[in-house]
Amino acid sequence: MDNTALTPAARLAEVRANIAKVCKPARREPADITLIAVSKTHPAERIEPLIAAGQRVFGENRVQEAQAKWPALRAAYPDLELHLIGQLQSNKAEEAVALFDCIHALDRPSLLTALAKAMAKLAKPVPCFVQVNIGDEPQKGGCALADLPAFLEAVRASGIPLAGLMCIPPADIEPAPFFGLLAKLAADHGLTGLSMGMSGDYETAVMLGATHVRVGSALFGARA
Ligand SMILES: *Cc1c(COP(=O)(O)O)cnc(C)c1O
């Protein structure tokens, strides 16, 4: 995908057009899919052209990096929405709740406890996606498939707003079966939110029901 010669606004239009194109056969509405522009590693100067082009939802994977970049941008553009898409350490839960509007990597009981405490303390309920280790990869974050029913039960009991399920399929394998499995798990548990699909596979994810796609390099170019 070499669209590096395009302006950020043109890349955004291209990604949105690609989403609209697959919505048609999937009988879905583009408005039902939230495009999260993943701006990790990119400075504010690279982000502002996308804001100027109308993008409002952004994703970061590190609390510290987001703390350095986003307060100024949010002050300048009060209608922005910021999502935390990366793994979260429990000791950063309060900072994450303070800064983000949505968290995509809730995957273990210790983090659930920390987030529930932080949300109560700050009186700020932040919707969370439960990340599922969909490919059963030992090195990857995410709740194990076998633990998912009990963990979802615990999240519901905590009162934390449950947005849905999130996954990052194994690299270098066709992702569609994993997206399909995540969609089935969500349906089985009465959940509608599905955070799945990145630059290389967001169209496939939309075909299979993604409600949130997390797209970085297709919008910003390759990361250093
Ligand atoms: C970096 C990242 C993305 C975006 O990846 P691209 O391939 O650049 O689109 C999506 N999701 C997560 C969890 C990420 O860390």
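Numbering of ligands and ligand atoms starts at 1, following listing order.
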How are the rings of His83 and His212 set relative to one another: parallel (under 30°), tilted (30 to 60°) or perpendicular (over 60°)?
tilted

Could you check whether any side-chain heavy atom of Ile47 comes within less than 4.5 Å of a side-chain heavy atom of Trp70, counting everything from C-beta outward?
yes

Heavy-atom side-chain contact between Cys23 and Glu29 under 4.5 Å
no

How far is atom 2 (C) of ligand 1 from its nearest protein heavy atom, and which residue and atom is that?
Lys40 NZ, 2.6 Å

For atom 12 (C) of ligand 1, which protein heavy atom lies nearest, and how many Å away is it?
Ile85 CD1, 3.5 Å

For [X], counting its heavy atoms only, list the atoms of ligand 1 lying under 4.0 Å from any of them.
X: Val215; value: 9 (O)
X: Ile168; value: 13 (C)
X: Ser199; value: 6 (P), 7 (O), 8 (O), 9 (O)

Without swapping roles, check the side chain of Lys124 against the backbone of Ala118 for a donor-acceptor pair under 3.5 Å.
no

So which atom in His42 and which in Val38 form the shortest heavy-atom distance, rounded to 0.1 Å?
CD2-O, 4.5 Å

Pairs meeting criterion ring pair (Phe, Tyr, Trp, His ring centres under 6.0 Å) with involvement of residues 182-201, two or more places apart:
none

Among Ala222, Gly59, Ser217, Gly200, which residue places a heavy atom closest to atom 7 (O) of ligand 1?
Ser217

Return the option from His83, Arg62, Met198 holding the heavy atom at the smallest distance from atom 5 (O) of ligand 1.
Met198

Side chain to side chain contact (heavy atoms under 4.5 Å, CB included) partner of Arg56, chosen from Thr34, Asp79, Leu50
Asp79

Between Arg214 and ligand 1, does any nitrogen or oxygen pair lie at a separation below 3.5 Å?
yes

Against ligand 1, does His104 come closer than 4.0 Å with any heavy atom?
no

